[in-house]
Amino acid sequence: MRPLLAGAFAASSVSLSSVCVPFAKKGLVNHLSKDPCISQAREYIVMDGNAAGEGDDNVDWNTEDELEVENYPASSSSSLTPPSGDAASGSAEASSSAGTSHSKLFYQFVGMGFSEKLVAKAIDEIGEGQPDAILEHLLTYKVLENSPQEQDIDESAVVKEEVVDSDHFSSDYEGSFLDDLSDEDSYSGSEEVINPSSEDKKLLSLTAMGYPVEGAYIAIERCGPDASVDELIDFICAAQMSKEADALLGPEEKPRLLNDFRKQKKRKHSNCDAWSKKRRGEKKLLHGDEEQIRLPNPMIGFGVPTESSTIVHRTLPEAAIGPPYFYYENVALAPKGVWDTISRFLYDVEPEFVDSKYFCATARKRGYVHNLPTNNRFPLLPLPPRTIHEALPLTRKWWPSWDTRTKLNCLQTCIGSAKLTERIRKALEDNDGESEPPLRIQKYVLDECRKWNLVWVGRNKLAPLEPDEVEMLLGFPKNHTRGGGISRTDRYKSLGNSFQVDTVAYHLSVLKDLFPAGVNLLSLFSGIGGAEVALHRLGIPLKNVVSVEISEVNRNIVRSWWEQTNQKGNLIHIADVQQLNGDRLEQLMNSFGGFDLIVGGSPCNNLAGSNRHSRDGLEGKESSLFYDYFRILDLVKCIMSKGH
DNA sequence: TCGATCATGATTAGGAAG
DNA sequence: CTTCCTAATCATGATCGA
């Protein structure tokens, strides 16, 4: 039951045909649209759903799930905390790959969704030096492969669903989801098998010509299944999918569409300071990547309460306008091109980059893509402490004058070691008696302080923050992550992966007037419930909350918070976003009338700079779950529009 | 087996200097 | 313009002891 866009849909020709099939079956009239045609496609999806009745009604992106399963050996239970020596999921393949040292290229392809065995074979046959050839080989293999193995659903992968009814302070399991899964299975079985057809070949052609798979995928998705290869190439150029695409084309070869695209982009962002402030030089313009998203400086997004700035007005692309409202978050300092891709998928909405240092005492540079109004925002009260001294008054006594920090750096999932603070203490004591340590020592100490967010807790004594201090800095109630069998290490990890509540609440505050009776919330990658806490603190009632979170300790934290804050609504927990399909969504939405807001911050660990080992970008093992955010958001939009 | 502890750079961007 | 420096960064894997 592997949902479609998961992981490396872009590289999977099987996924591709799954996407296009519903469109093709309804004979989507193709045209080379200048506008993203997702909304048009949606119309067809809706028709598909309405005309259904006879069991063909799920628009489903999951048509050929069993084909997908095969590509994901043992990785389908992907977790935010990859098991270190997980014997339970003990696939020989997985464990062998953990032991041997594969190349970066290997993991890139595996991250795209190809099986490890296949990738290893391809690299072995072709050699590391020719990634394009390897990709082609992999794709060819998939296209030719026509006898997918039937695989049973792994019991352990079945979503366990927990419902908390706060009126009765009880929780129980809803048994219906197993039925859903079996229904789904029979669906897939009755669905006619689609031959890997023209779409796959087009994808193959494009990739063979050197175009990036992602670009090819998006082009086919947006231009429709009947588009010719030439048209697709036009689209890829116009959208400037990547530098590789540009590098292969001389300026004179670029199609006229490019100009239209530029005009469109220009018009769209002409009223945005951050966008137009820094223009690339002429030479860069020729290279065609002038539209690469750049981070604003200062990083205040469309405005922060503490900084006076001109009001930024924005006009959303048609396809982005709700219902539902959506709010997506991830790290601002992602590898190049990541935010371009994210923005492109999320209906071309320009990301709002905000550093939480304008809200509290700690920096947190994040990008937010949302379709919320931006006027009449208001901050949470009381305003949080905005300097280190205010937030941690006890450190003031020991804070040396030469440590000029007033804000902490980003709170991460790991803390500095005791060995480090001990080394620093010794280095400082060597010069004790002097009024100030030598500049060289100061520099060393300050560098380490900034790197590990150390604070002064005694004479020459530095220490990392305590978990409750992190809670407070991020805007969570005290002891939010404490108790219930949660280890200290897990608290740091959960907190480090969370929202800064004041920042998010400021953005969500506009919903208070729009939904005085409360909201139905779909919270993907909920974590410790940053969105829920933010809405609650804003005084926006939570009517029905569907919270999807893979980590059990995090689910426990949210459930505990839900009960302790006497919530009147219903909390439904789902474990895995990849198990959330259209049927289940529709069922949920029918029971309470759709979602008002979809919030989610997808995994950042393959994007974050702190990651030495697997900073693989958006196609990384966990970070590729972004595509599930998009998949689910698009499904909800589709279902919502069907209702009207 | 779990939790605590520790060591482990690279990729960005921006600015100053040449 | 390039080159060099500063600076920040929702982390992973190995090890050890209980």
Side-chain angles (χ1 to χ4, degrees), chain A residues 79-88 97-99 101 104 107 277-278 280-284 292-299 328-339 353-357 362-368 405 407-423 443 446-453 464 467 470 473-474 476 481 485-501 503-504 525-528 530 551 553-554 600-617 620-623 625-626:
Chain A
S79 147
L80 286 177
T81 57
S84 53
D86 184 6
S97 78
S101 63
K104 202 170 181 177
Y107 290 107
K277 190 175 283 178
K278 296 194 175 178
R280 297 290 182 92
E282 283 304 310
K283 189 177 178 185
K284 295 280 184 180
Q292 262 213 352
I293 290 176
R294 306 195 61 171
L295 300 178
N297 190 13
M299 198 180 281
Y328 174 82
E329 178 258 15
N330 216 320
V331 291
L333 281 68
K336 276 182 176 174
V338 166
W339 276 107
F353 293 102
V354 183
D355 189 338
S356 291
K357 75 180 180 184
T362 181
R364 207 166 184 80
K365 297 175 181 61
R366 296 294 180 269
Y368 307 88
R405 290 177 297 159
K407 302 277 186 183
L408 292 163
N409 274 341
C410 185
L411 303 172
Q412 305 195 121
T413 57
C414 294
I415 61 170
S417 70
K419 288 269 176 69
L420 172 65
T421 57
E422 179 62 8
R423 280 197 298 269
K443 168 115 172 70
L446 274 179
D447 282 350
E448 296 298 329
C449 281
R450 279 194 264 257
K451 186 186 294 181
W452 293 105
N453 261 333
V470 180
L473 287 163
L474 291 177
F476 287 93
T481 60
I486 294 152
S487 74
R488 188 181 165 86
T489 311
D490 277 346
R491 288 183 75 185
Y492 281 119
K493 178 168 285 187
S494 293
L495 285 162
N497 283 301
S498 174
F499 288 167
Q500 207 288 322
V501 171
T503 311
V504 171
F525 315 102
S526 298
I528 58 176
S551 156
V553 298
N554 285 346
S602 64
C604 69
N605 47 357
N606 304 123
L607 310 176
S610 307
N611 190 340
R612 275 105 154 131
H613 298 277
S614 52
R615 196 184 186 189
D616 301 330
K621 191 177 176 192
E622 284 82 24
S623 293
L625 291 172
F626 158 73

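Just so we're clear, the structure is a prediction, and the values are computed from it rather than from any experiment. Residue numbering restarts at 1 for every chain, and letters A, B, ... go by the order of the sequence lines.
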Roughly, in whole Å, what's the span from [atom1] in [X] to [atom2] in [N]?
X         : N       : atom1 : atom2 : value
Leu333(A) : dA10(B) : CG    : P     : 18 Å
Leu295(A) : dA7(C)  : CG    : P     : 19 Å
Lys336(A) : dG14(B) : NZ    : P     : 11 Å
Lys621(A) : dG13(C) : NZ    : P     : 9 Å
Leu446(A) : dA8(C)  : CG    : P     : 10 Å
Asn611(A) : dA10(B) : CG    : C1'   : 10 Å
Asn606(A) : dT9(C)  : CG    : P     : 19 Å

Whether [X] contacts [N] is assessed here as follows: a side-chain N or O lying under 4.0 Å from the phosphate OP1 or OP2. Is that the case?
X         : N       : value
Asn409(A) : dT9(C)  : yes
Arg615(A) : dA11(C) : no
Ser610(A) : dT9(C)  : no
Gln412(A) : dA11(C) : yes
Asn297(A) : dG14(B) : no
Arg450(A) : dT6(C)  : no

Minimum-distance nucleotide to [X] side chain [options: [options]]:
X         : options                  : result
Cys414(A) : dA8(C), dC10(C), dT12(C) : dT12(C)
Arg612(A) : dA13(B), dG9(B), dT12(C) : dG9(B)
Lys451(A) : dT9(C), dC10(C), dA11(C) : dT9(C)

Using a 4.0 Å heavy-atom cut-off across all strands, classify [X] as base, sugar-phosphate, or nothing.
X         : result
Arg366(A) : base
Ser494(A) : nothing
Arg364(A) : base
Ser487(A) : sugar-phosphate
Cys410(A) : sugar-phosphate

Discussion item. How close do Phe353(A) and Gly367(A) get, counting heavy atoms only, and between which atoms?
Written reply: CD2-CA, 3.5 Å

Discussion item. So does Ile528(A) get a backbone contact from the side chain of Asn554(A), meaning a donor-acceptor N/O pair under 3.5 Å?
Written reply: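 No.
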
Worksheet entry | Side chain Asn409(A), main chain Arg450(A), donor-acceptor under 3.5 Å |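 Judged by distance alone, yes, a pair lies under 3.5 Å.
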
Discussion item. In this structure, which stretches of DNA chain B are paired as stems of three or more consecutive Watson-Crick or G-U pairs, both distances less than 3.5 Å?
Written reply: B:1-8 with C:11-18, B:10-18 with C:1-9

Worksheet item: Between Lys443(A) and Phe499(A), who's closer to the 5' end of DNA chain C by nearest nucleotide?
Response: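 It is Lys443(A), whose closest nucleotide lies nearer the 5' terminus.
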
Fill in: Which residue lies more 5' along DNA chain C, comparing Asp447(A) with His613(A) via nearest heavy atoms
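Result: Asp447(A).
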
Item to complete: Could you give me the CA-CA distance, side-chain angles and deciding distance for Trp452(A) and Ile415(A), then say whether side-chain contact (heavy atoms from CB on, under 4.5 Å) is met?
Response: CA-CA 6 Å; Trp452(A) 293 105; Ile415(A) 61 170; 5.9 Å; no

Worksheet item: Tyr328(A) and Phe626(A): ring pair (Phe, Tyr, Trp, His ring centres under 6.0 Å), yes or no, with the steps?
Response: CA-CA 9 Å; Tyr328(A) 174 82; Phe626(A) 158 73; 5.3 Å; yes

Item to complete: Would you please name every residue forming a salt bridge (charged side-chain N to carboxylate O under 4.0 Å, His left out) with Arg366(A), sequence neighbours left out?
Response: Glu329(A)

Worksheet item: Quantified in whole Å, what is the P atom distance between nucleotide dC10(C) and nucleotide dC6(B)?
Response: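 It comes out at 23 Å once rounded to the nearest Å.
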
Worksheet item: In residues 415-423 of chain A, which residues come under 4.0 Å of DNA chain C by heavy atom?
Response: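 Nucleic-acid contacts, sorted: none.
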
